[in-house]
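All of these numbers come straight from a predicted model, not from anything done at the bench.
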Amino acid sequence: MFRYVLFDLDGTITDPEEGITRSAAYALDAFGIAYTQDKLRKIIGPPLDFSFRTFFGMTQEDALLAVSKYRERYETVGVTENKLIDGIAELLDELTSYGITVGLASSKPEIFCKRILADLGLLQYFSAVVGSELDGRRVAKDEVIAEAVLRLGNPPSDRIAMVGDRIYDLVGAKANGLYVIGVTYGFAEPGELNGADALASEPAELLPLLLGNR
């Protein structure tokens, strides 16, 4: 049965579109690169340097400069532009009442993850909060998840579920042998989460899925 649950942050717990896309636009404006809102939304989920390379054709060198420019806005303004997804606070409260240990595994820098959770009044629910490092270390989702599992005491993988909204969550969780619940209310493209063990269209559907193996 699941005794541990790892959550992604962006698109799973919060709607970060305003903060991320405005900060990305700020960075792209500095390079004179055109964009649309739909294209900016693709940035939500994967590591930023990967997104700038993949979706905007930047070199690795320019992508890293764009990440620095992005953070000029994000660390002062963008980090506050998050909306809590309806039903998440109630879900976290119910999970902890059942004795389930909750952790966070995000590719976002850990310092920002902790600030966002604290600002939203959720930090107390999380026994471990793991993100990437500002210097570019531990960005790949499989590495983030592995570190989160370690900080939770390295429990058996079959006792842990990962909840996320993008393919990166699915692939990273599977690389660590975890059960994956994909949430379709986030930023996934149609069919992106087809390999998940289960799907949820809203937070209210997560509790029975997480308790089903108890």
Side-chain angles (χ1 to χ4, degrees), residues 1-21 41-46 78-108 110 112-131 141 144-145 148-149 152 155 159-174 176 178-214:
M1 59 184 176
F2 300 128
R3 295 300 303 272
Y4 302 83
V5 181
L6 291 175
F7 285 91
D8 176 45
L9 181 61
D10 294 340
T12 302
I13 290 176
T14 68
D15 177 354
E17 181 171 348
E18 181 180 4
I20 290 177
T21 58
R41 291 179 86 252
K42 293 181 182 295
I43 286 178
I44 303 171
V79 70
T80 69
E81 296 170 325
N82 279 277
K83 298 175 184 176
L84 181 62
I85 292 171
D86 289 344
I88 288 295
E90 294 80 3
L91 172 65
L92 293 172
D93 195 54
E94 289 183 282
L95 289 173
T96 53
S97 74
Y98 277 100
I100 293 175
T101 300
V102 177
L104 188 93
S106 171
S107 292
K108 184 186 293 294
E110 191 170 305
F112 297 146
C113 293
K114 291 178 177 177
R115 179 176 170 185
I116 290 166
L117 291 175
D119 287 349
L120 294 173
L122 301 178
L123 189 57
Q124 73 272 16
Y125 291 110
F126 291 84
S127 297
V129 176
V130 180
K141 201 56 182 273
V144 173
I145 292 171
V149 171
L152 289 176
R159 307 293 293 278
I160 312 169
M162 174 73 200
V163 180
D165 73 314
R166 298 300 310 272
I167 186 66
Y168 314 100
D169 303 309
L170 192 162
V171 172
K174 289 298 184 183
N176 284 278
L178 308 189
Y179 186 93
V180 187
I181 301 175
V183 295
T184 59
Y185 57 77
F187 293 91
E189 300 288 343
E192 183 175 328
L193 298 172
N194 284 350
D197 296 298
L199 296 173
S201 62
E202 59 181 356
E205 295 179 5
L206 288 168
L207 186 64
L209 290 172
L210 292 168
L211 297 180
N213 286 7
R214 291 180 67 81

Just verifying a value: how many Å separate Glu81 CD and Thr14 OG1, rounded to the nearest 0.5 Å? 12.0 Å

Any sub-3.5 Å donor-acceptor pair from Lys141's side-chain atoms to Ile167's backbone N or O? no

What's the verdict on side chain to side chain contact (heavy atoms under 4.5 Å, CB included) for Phe7 and Leu95, showing C-alpha distance, side-chain angles and the deciding distance? CA-CA 12 Å; Phe7 285 91; Leu95 289 173; 3.8 Å; yes

Calculate, to the nearest 0.5 Å, the distance between atoms CG and CE belonging to Leu178 and Met162 respectively. 8.5 Å

Side chains of Ser106 and Val144: does their closest heavy-atom pair fall under 4.5 Å? no

Can you list the steps and then say if Lys83 with Glu17 is a salt bridge (charged side-chain N to carboxylate O under 4.0 Å, His left out)? CA-CA 9 Å; Lys83 298 175 184 176; Glu17 181 171 348; over 6 Å; no

So, Glu205 side chain and Ser201 main chain: donor-acceptor pair closer than 3.5 Å or not? yes

Please check this pair: side chain of Thr96 against backbone of Asp93, looking for a donor-acceptor N/O pair closer than 3.5 Å. yes

Are any non-hydrogen side-chain atoms of Asn176 and Ile160 less than 4.5 angstrom apart? no

If you count the non-hydrogen atoms of other residues, nucleotides and ligands that lie under 6.0 Å from CG in Asp86, is the total more than 12? no

Does the Asp165 side chain pair with the main chain of Phe187, one donor and one acceptor, at a distance under 3.5 Å? yes

With distance as the sole test, does Arg166 use its side chain to make a donor-acceptor pair with the main-chain N or O of Ile44 at under 3.5 Å? yes

Looking at Val180, is its backbone amide N or carbonyl O close enough to the side chain of Asp197 to form a donor-acceptor pair, meaning the two atoms are under 3.5 Å apart? yes

Given Leu206, which partner from the list Leu211, Thr12, Leu91, Val5 fulfils the side chain to side chain contact (heavy atoms under 4.5 Å, CB included) test? Leu91

Using every non-hydrogen atom in the two residues, find where Gly11 and Tyr185 come nearest and quote the distance to one decimal. O-CE1, 3.4 Å

Minimum heavy-atom separation for Leu117 to Leu9, with atom names? CD2-CD1, 4.1 Å

Apply side chain to side chain contact (heavy atoms under 4.5 Å, CB included) to residues Phe2 and Ile181 and explain how you reach the verdict. CA-CA 12 Å; Phe2 300 128; Ile181 301 175; 5.6 Å; no

Separation between CG of Asp10 and CD1 of Ile20, rounded to the nearest 0.5 Å: 4.0 Å

Apply side chain to side chain contact (heavy atoms under 4.5 Å, CB included) to the pair Lys42 and Glu189, showing each step before the final yes or no. CA-CA 9 Å; Lys42 293 181 182 295; Glu189 300 288 343; 3.4 Å; yes

Using 0.5 Å steps for rounding, measure from the OG1 atom of Thr184 to the CD atom of Glu192. 11.5 Å

For Ala161, is there any backbone N or O sitting under 3.5 Å from a side-chain donor or acceptor partner on Tyr4? no

For the residue pair Ile85 and Asp15, what are the closest heavy atoms and their distance? CG1-N, 3.9 Å

Search all heavy atoms of Ser107 against all heavy atoms of Gly45 and return the closest pair with its distance. CB-O, 4.2 Å

Can you see which heavy atom on Glu110 is nearest to which on Gly131, and at what distance? OE1-N, 3.3 Å

Indicate the atoms forming the closest heavy-atom contact of Leu104 with Leu6, along with that distance. N-CD2, 4.2 Å

So that I can tick it off, tell me whether Asp8 and Lys108 are bridged by a salt bridge, with the cut-off set at under 4.0 angstrom between side-chain N and carboxylate O. no

